[in-house]
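Okay, so here's the structure we're looking at.
Order of listing sets the numbers, starting from 1, for every ligand and every atom in it.
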Amino acid sequence: MADPVSVSNDANSAILPTYARADVAFERGEGAWLTATDGSRWLDFGAGIAVAGLGHSHPHVVKALIDQGQQLWHVSNLYKIPQAEKLAKRLTEATFADYVFFTNSGAEALEGAIKTARKYQFVSGHPERVEIITFDNAFHGRTLATIAAGGNDKYVEGFAAPVEGFHRKVKFGDIEAVKAAINERTAAILVEPIQGEGGIRVPPASFLRDLRALCDAHGLLLVLDEVQSGMGRTGKLFAYMNSGIEPDVMAVAKGIGCGFPLGAFLTTREAGKGMTLGTHGTTYGGNPLATAVGNAVLDVMLAPGFLDQVGKTGLVLKQKLAALKDEHPRIIAGIRGEGLMLGLKIDDAIPVGDFTNAVRAQHMLVIPAAENVARLLPPLTIGDAEMSEALTRLDAACKSLEAKLSLEAKLPAAKLPVDRSL
Ligand SMILES: *Cc1c(COP(=O)(O)O)cnc(C)c1O
């Protein structure tokens, strides 16, 4: 357990080397546990980046996949798909939305949401309204439009002029800055209720309400990116439900398929009024296999008590992490987040990659984010056993880093490789 796992680009790999991959492969999963090819057991507090919300190999979801797999995998959206009809109806009944469009990923859901917002303005007699206000540190995906919408200049560089209409990027949580950015060309505001990749940044409590009011006053659409914060993560089905307001359009993915590639954008009837026959499409989106799995995920998440339990577990975990921080003030500078979307702000003297490596040496997975934050995004199904196991391993990782710090005080610095696997 003691060896740090190396992070390397395997020169023999035929996979395009855009990720620094840890030198470990998993072959089996159950709940919050993964088994690697060498037989070692790992505690997964990343859940494939907030994807495996019900943990690995949840029996109800596996059964839905197998049953549907034996019947029919795919038909085109040129035909009726009962599984998709059912999932869309359930999502609209559980949210603000009147319509759902299924996609294969988060970025594709965001693309559809952006198109919906622009088309709404276009058919409302405002073809000039094409600009979308977004935020620093935002992450919306890796397509050309979503990198333009995001807050990371590195993701845009070298890919030609960014897609038009996303140059108004303002400080996350700063309502005055948003006000100042609105003009006669503004179509919508696109925002994550809690930023994920951006470092589990929680905005002021009034922020979404204030954005809603600004949108209403100026005829703009409020578009939420709940790809990471949604599907139960914060103890509500969607994070906006903690705020007392409703969006016009919302993008969803990650947890909705629990690992099966599935996403969606949701819209009110009014905001979606431009998305008429022939205006948008997808080949795979919402096929029988994907939406059968999506229905099984909802069966579990909407069962009485499930989401309340997520909220309770999140509070307990946050308290335990606060105690861990008090034990290790040189390593952990703060705790962030809501529900089971939590972040450890690592002291700026220690690169977060050193921390995630030290945790990985304890056979536990956490995910680095911006602002030197390590994300804890465990399966929503974890209980006391997994929490105390996690705390034991995080404590050991902190101790190993403290030992290294006191060594470094005596010896010249030797750095662990930084994990940049975002
Ligand atoms: C992961 C993520 C996306 C992109 O989803 P993909 O499935 O990787 O395309 C978009 N927005 C947020 C907030 C995300 O966390």
Counting from 1, what ligand 1 atoms have a heavy atom of [X] closer than 4.0 Å?
X    : value
H140 : 10 (C), 11 (N)
G141 : 4 (C), 10 (C)
E192 : 13 (C)
S105 : 7 (O), 9 (O)

Original post:
Should the proximity of A253 to ligand 1, defined as any heavy atom under 4.0 Å, be assigned to the side chain, the backbone, both, or neither?
Top reply: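 Under 4.0 Å from ligand 1, A253 contributes no heavy atoms.
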
Original post:
So which bit of E108 gets within less than 4.0 Å of ligand 1, heavy atoms only: side chain, backbone, both or neither?
Top reply: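 Neither part.
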
Original post:
Is the cationic atom of R129 (NZ for Lys, CZ for Arg) positioned less than 6.0 Å from the six-membered ring centroid of F122 and within 45 degrees of its normal?
Top reply: no

Subject >> Selected option - heavy-atom contact closest to atom 13 (C) of ligand 1, from L377, L190, D225 >> reply: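 That would be D225.
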
Original post:
Are the charged groups of R90 and D299 less than 4.0 angstrom apart, N to O?
Top reply: yes

Original post:
Are any of the side-chain nitrogens in D308 or K312 under 4.0 Å away from the carboxylate oxygens of its partner?
Top reply: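 Looking at D308 and K312, the cut-off is not met.
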
Original post:
Once the angle between the rings of F238 and Y240 is folded into 0 to 90°, is it parallel (under 30°), tilted (30 to 60°) or perpendicular (over 60°)?
Top reply: parallel

**OP:** Check the angle between the aromatic planes of F26 and W42 and answer parallel, tilted or perpendicular using the 30° and 60° thresholds.
**Re:** perpendicular

Original post:
Can you check whether F265 and F102 have ring centres sitting under 6.0 Å from each other?
Top reply: no

To the nearest 0.1 Å, how far is [atom] from its closest protein heavy atom, and which atom is that?
atom                   : result
atom 2 (C) of ligand 1 : K254 NZ, 2.5 Å
atom 9 (O) of ligand 1 : A107 N, 2.7 Å
atom 5 (O) of ligand 1 : G106 CA, 3.3 Å

Subject >> Worked verdict on R201 versus E371 for salt bridge (Lys or Arg N to Asp or Glu O under 4.0 Å) >> reply: CA-CA 9 Å; R201 292 166 90 202; E371 295 198 338; 3.3 Å; yes

Subject >> Beyond-backbone contact of T268 with F96, side-chain heavy atoms, under 4.5 angstrom >> reply: yes

Subject >> ligand 1 N/O within reach of F139 N/O, cut-off under 3.5 Å >> reply: yes

